[in-house]
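Encoded as structure tokens, the structure appears first; notes follow it.
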Amino acid sequence: MANISIISSSVRDGRNSHRMALFLQNYITINKLAESEIIDLKDYQFPIFNERLRLLKNPTEQMTQFAEKIKLSDGIIIVTPEYNGSIPASLKNVVDFLYDEWHHKPVAISTVSTGAFGGSQALITLQFVLWKMHAWTVPATLPIANVREVFDEEGKAFKQEIMNTLTHVFVNELLWCVQANKRMIEPFELAIF
Ligand SMILES: Cc1cc2nc3c(=O)[nH]c(=O)nc-3n(C[C@H](O)[C@H](O)[C@H](O)COP(=O)(O)O)c2cc1C
């Protein structure tokens, strides 16, 4: 079974996008699609970036543990709010902080907003940033507009059927990319190294 990490990016008090992270984990677990874990950036409270992990002399245990989780994940889902047409600093902080860990990593993006556009500008920004990091962004996306009308605080969808249909397509495409990635990379690594 694939191992999927869900990064919940908002560290804001009273955040709403975390509802989507909770919903996704629940969906993956109930449907037995993968092993999944929420990596909640609010729990980490990382300091503002001052150097990449590989160049830090004394990284904290939390930092190395975070990097290890990303490295060992077969695929990642990033749930991010849109802040001023972009991604929150908390997310850019951890993207910049790692390097090799993002290479060839299948990443699916779910953007969230309280407004009507579902974080469409954050989506473009994040895709560009991840492309620079040589991650593989999954073509399927899952933007959530008017998030407070979609989920309650525990991540339960008010319209289960619609959310399940949308999430099915999104998660399955990530899992397809995870399988494709394994098939491409493993023989390549065996041949080269
Ligand atoms: C600093 C800040 C900037 C924001 N900018 C935008 C924005 O550009 N577009 C948008 O649709 N929503 C914007 N929002 C509203 C978010 O969509 C809303 O807070 C949503 O709940 C997701 O963020 P959260 O998980 O931190 O709650 C902004 C919110 C904050 C706190």
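Indexing begins at 1, ligand by ligand and atom by atom, following the structure's order.
Closest approach of Pro88 and Pro81 over heavy atoms only: CD-O, 3.4 Å. Scanning all heavy atoms of the two residues, the minimum distance from Arg15 to Ser8 falls at NH1-OG, 4.1 Å.
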* ring pair (Phe, Tyr, Trp, His ring centres under 6.0 Å) between Phe23 and Phe151, worked out -> CA-CA 8 Å; Phe23 174 83; Phe151 306 109; 5.2 Å; yes

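Looking only at distances, a side-chain donor or acceptor of Asn181 sits under 3.5 Å from a matching main-chain atom of His104.
For atom 19 (O) of ligand 1, the nearest non-hydrogen atom of the protein is Arg12 NH2, 3.8 Å. Here the heavy atom of the protein found nearest to atom 26 (O) of ligand 1 is Tyr83 OH, 2.5 Å. In this structure, atom 23 (O) of ligand 1 lies nearest to the protein heavy atom Pro81 CB, 3.0 Å. Atom 11 (O) of ligand 1 has Ser113 CB, 3.3 Å as its closest protein atom, hydrogens excluded (heavy atom only). Of all protein heavy atoms, the one lying nearest to atom 25 (O) of ligand 1 is Ser17 OG, 2.5 Å.
Each of the following atoms of ligand 1 lies closer than 4.0 Å to a heavy atom of Glu82: 4 (C), 5 (N), 6 (C), 7 (C), 8 (O), 9 (N), 10 (C), 11 (O), 12 (N), 13 (C), 14 (N), 16 (C), 17 (O), 28 (C). The contact set between ligand 1 and Asn16, taken as ligand atoms under 4.0 Å from a residue heavy atom, comprises 21 (O), 24 (P), 25 (O), 27 (O).
Ring geometry for His134 against His103 counts as parallel: the plane angle stays under 30°, on a 0 to 90° scale with 60° as the upper cut.
The shortest N or O to N or O distance between His18 and ligand 1 is not below 3.5 Å.
Judged purely by distance below 3.5 Å, without hydrogens or angles, the side chains of Tyr44 and Ser90 never pair a donor atom with an acceptor atom.
In the candidate list Asn146, Val147, Asn84, Thr114, Thr114 is nearest to atom 15 (C) of ligand 1, counting heavy atoms.
At a threshold of 4.5 Å between non-hydrogen side-chain atoms, the residues Met1 and Lys32 count as touching. In this structure, the side chains of Arg148 and Glu153 stay at 4.5 Å or more apart for every pair of heavy atoms.
With a 4.0 Å heavy-atom cut-off, ligand 1 is reached by the side chain of Ser10 but not by its N, CA, C or O.
Contact annotation: Gly85 has at least one heavy atom less than 4.0 Å from an atom of ligand 1.
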